[in-house]
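Each remark here refers to the structure printed beneath this line.
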Amino acid sequence: MGRKKGLPEFEETAPDGFDPENPYKDPVAMVEMREHIVREKWIQIEKAKILREKVKWCYRVEGVNHYQKCRHLVQQYLDSTRGVGWGKDHRPISLHG
């Protein structure tokens with residue numbers, strides 16, 4: 001099994017022609033920027049889900065020692081969830097809770 005041919009390849013960088021001062025100047029660049037932002041948010045969300053699964057697994061395996069053994073995973077998970085999600089872009093970090 002190989003990769004299917006003809007699948008679109010996405011650029012991992014923001015579009016070149018997008019002007020944040022005047023986003024409606026180039027509608028194509030605006031849509032590409034929106035797609036870029038959505039794609040990056042989904043990547044962050046999925047990374048947080050993976051870390052959450054690792055924390056769950058660590059809690060189950062370590063039992064009563066999970067406070068010491070899983071601390072690093074919990075810290076990574078908490079760091080990855082700060083500011084992740086929809087509608088949290090413009091809030092200060094202190095309010096993300």
Side-chain angles (χ1 to χ4, degrees):
M1 292 202 133
R3 184 174 172 157
K4 292 181 181 178
K5 292 183 180 178
L7 290 178
E9 293 199 17
F10 298 106
E11 291 185 24
E12 295 183 14
T13 60
D16 294 331
F18 182 72
D19 181 18
E21 298 297 322
N22 188 8
Y24 297 105
K25 177 180 162 187
D26 186 3
V28 174
M30 182 183 68
V31 170
E32 287 177 354
M33 186 63 177
R34 187 176 356 163
E35 289 175 353
H36 173 73
I37 291 170
V38 169
R39 193 168 36 251
E40 292 301 315
K41 283 187 177 289
W42 276 111
I43 290 170
Q44 291 175 347
I45 290 169
E46 292 302 319
K47 285 180 182 177
K49 285 181 182 179
I50 291 168
L51 283 170
R52 183 176 57 211
E53 290 300 317
K54 287 182 179 181
V55 169
K56 283 182 184 179
W57 178 84
C58 186
Y59 276 19
R60 287 185 194 128
V61 169
E62 297 300 335
V64 296
N65 295 327
H66 70 273
Y67 288 118
Q68 289 85 23
K69 304 279 181 153
C70 305
R71 182 175 302 225
H72 66 285
L73 286 174
V74 171
Q75 190 60 45
Q76 284 179 352
Y77 174 68
L78 290 176
D79 291 341
S80 72
T81 58
R82 293 212 196 329
V84 174
W86 306 106
K88 295 186 177 182
D89 294 331
H90 303 293
R91 291 173 34 191
I93 287 267
S94 61
L95 296 178
H96 288 183

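- Pairs passing the ring-ring contact (aromatic ring centres under 6.0 Å, His included) check and including a residue from residues 56-76, sequence neighbours excluded, read Y59-H66.
- Taking CG of D19 as the start and CE of M30 as the end, the distance is 12.5 Å to the nearest 0.5 Å.
- By the rule that hydrophobic residues join a cluster once side-chain heavy atoms approach within less than 4.5 Å of another member, I37 and V31 end up as members of separate clusters.
- Rounding to the nearest 0.5 Å gives a distance of 13.0 Å between SG of C58 and CD of E53.
- E62 is listed as a side-chain neighbour of C70, based on a closest heavy-atom distance under 4.5 Å.
- With values rounded to the nearest 0.5 angstrom, F18 atom CZ is found 10.0 Å from R34 atom CZ.
- M33 and V28 are assigned to two separate hydrophobic clusters, defined by single-linkage of ILVMFWY side chains at heavy-atom distances under 4.5 Å.
- With sequence neighbours excluded, no residue forms a salt bridge (charged side-chain N to carboxylate O under 4.0 Å, His left out) with K54.
- Partners of Q76 under the side-chain contact (heavy atoms from CB on, under 4.5 Å) rule, at least two apart in sequence or in another chain, are L51, L73.
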